[in-house]
Novice: 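One structure, as structure tokens, below. Some questions next.
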Amino acid sequence: MAAKLKGWKEIPEAGTIVEPGNARNYKTGGWRSDRPVWNKETCIHCFFCWIWCPDMAVQVDQANKKMTGINLEYCKGCGVCAEVCPKKCFTMKNEKELTNE
Amino acid sequence: MSTIQKNKLSLTGNQAAAEAMRQIDPDVVAAYPITPQTEIVMAFSQFHADGKVNTEMIRVESEHSAMSACIGSASAGARTMTATSSQGLALMHEMVFIAASLRLPIVMPVVNRALSGPINIHCDHSDTMAERDSGWIQIFAENPQEVYDHMFLAMKLAEHPDVQLPVMVNQDGFITSHGVEIVDVLEDKAVKDFVGEYKPKTPLLDLKHPVTMGALDLYDYYFEHKRQQAEAVKRAFGLFDKVAGDVSKLTGRKYPMVETYQFDDADYVIVTMSSAAGTTKFVIDSLRAQGTKVGLLKIRLFRPFPYKIISGLLKGKKGVAVLDRSASFGAFSPVYTEIMNSCYYLDARPNIYPVVFGLGGRDLTPKLIESVYTGLIGNKFKTDQIEYLGVRE
């Protein structure tokens, strides 16, 4: 996560991003305070969570049309998935408590 | 010295700016008219309507939109210009900072006018001084000729690959903008060859090299980008004399960052900018005829500020009055503050007096300027007390 930060002489001017798609390098999972814990058993693979997730953190197996989990490197813990899930498959658990567990 | 053909035209400061814009023929002009800048947009619109420029003219609904459109256009890679005054510049304020931070070489004539309120349409520098920390280069013109010459100086400096910063070309509202003077105008080709073709570094329209501009920049990199910006302004400072020298080769006129008049042997000096310098020169001539050793230091380049040049010049002077055409309420005015900063480390610091004049277009008469020199000579001013020149008690 903690990549070495570059000095002002090493970076493009004005904050211009000259390399497309590098938002992937920005792992936003560290922002999360609550983690969506997914119950695989009750999931009906409707993809509501996938379509609503603002950070494309819901991972799916496209070939088999199955939801496979949450990418915690990017999930910011906003809880939209838990809100929209018709089967209430997500439980938002506090990261601190999860660590203690 | 030069084979460049010159025409003498009678132009106002506004017309001189518009004429330079016609010759530069920028890709995009997005502007909104405001007194006293209106004539620039009017004259340029006429050039546009008559097919004398290839510019895309964007008629916007406000100055905030004007600068926003300019930022879009310059980001796309187009050579971009606008013009404004007073409230217009104030309305642009947030976009003015963005233009500089995104390193977009926009050139903008600013026809200096007092900020409201109470509402006033006449000259002072409160509009441009409110933008002095925006990251723009600020050049001040004394007369229409300087306005004209500064325009392509500004374009060249702004677009220099080591600079990439926007420039304000300031002139005094009405005094310069509506005063007709004889202006030496270069032939079109000379200006076009001088500014050349603009080669943007990372234009948005270069589809083979897609970029994102203005993305979120937090505590991990924002500071580094500000450090880069400081360096770019520093490089602009280093390149100013070179670019000004290149303009001199075309025009035969000189554009030092700081200009002096009857200065070397002068004991008492006025420091000021813009049209006030012209009146001061006139007063100096009459005082010199009476044997008084008085002189002038005129600042052309205000941002970046030429500290060392100025401290070198003011060293050993007996008295210096700094005439500011703007006020910073509860503090000293911008030019005075910079002059004080320049002189702090001098062994022999002159007495430097803060004088505020000409707010809202109050006339700066030769008599008032003479009273400043008399005050300096008679030791009548206090260094820690602002003298309000020409205000009624």
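What you see below is based on every heavy atom in this structure, not just the backbone, and it leaves out hydrogens, waters and symmetry mates. Proteins get letters first, then strands, A, B, ... in listed order; numbering begins at 1 in each.
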Novice: Relative to the ring of B/H150, is the ring of B/Y255 parallel (under 30°), tilted (30 to 60°) or perpendicular (over 60°)?
Specialist: perpendicular

Novice: Let me know if B/Q229 has heavy atoms under 4.5 Å from chain A in its side chain, its backbone, both or neither.
Specialist: neither

Novice: Applying side-chain contact (heavy atoms from CB on, under 4.5 Å) between B/L165 and each of B/V163, B/V167, B/D162, report the one that passes.
Specialist: B/V163

Novice: Just by distance, no angles: are the side chains of B/K226 and B/S101 close enough, under 3.5 Å, to form a donor-acceptor pair?
Specialist: yes

Novice: Would you find more than 12 non-hydrogen atoms of other residues, nucleotides or ligands less than 6.0 Å from B/L218 atom CG?
Specialist: yes

Novice: Flag the pair A/E95 and A/R32 as a salt bridge only when some basic side-chain nitrogen lies within less than 4.0 angstrom of an acidic carboxylate oxygen.
Specialist: yes

Novice: For atom CD of B/E56, decide whether the heavy atoms of other residues, nucleotides or ligands shown that lie under 6.0 angstrom number more than 12.
Specialist: no

Novice: Please list, in residue-number order, every residue in residues 10-20 of chain A that has a heavy atom less than 4.5 Å from any heavy atom of chain B; write 'none' if there are none.
Specialist: A/I11, A/P12, A/E13, A/A14, A/G15, A/T16, A/I17, A/V18, A/P20

Novice: Would you check if the side chain of B/D127 reaches a backbone N or O of B/L115 as a donor-acceptor pair within less than 3.5 Å?
Specialist: no

Novice: Where on A/K9 is there a heavy atom nearer than 4.5 Å to chain B: the side chain, the backbone, both, or neither?
Specialist: neither

Novice: Sort out for me which of B/M213, B/H225, B/H209, B/K201 touches chain A most, counting heavy-atom pairs under 4.5 Å.
Specialist: B/H225

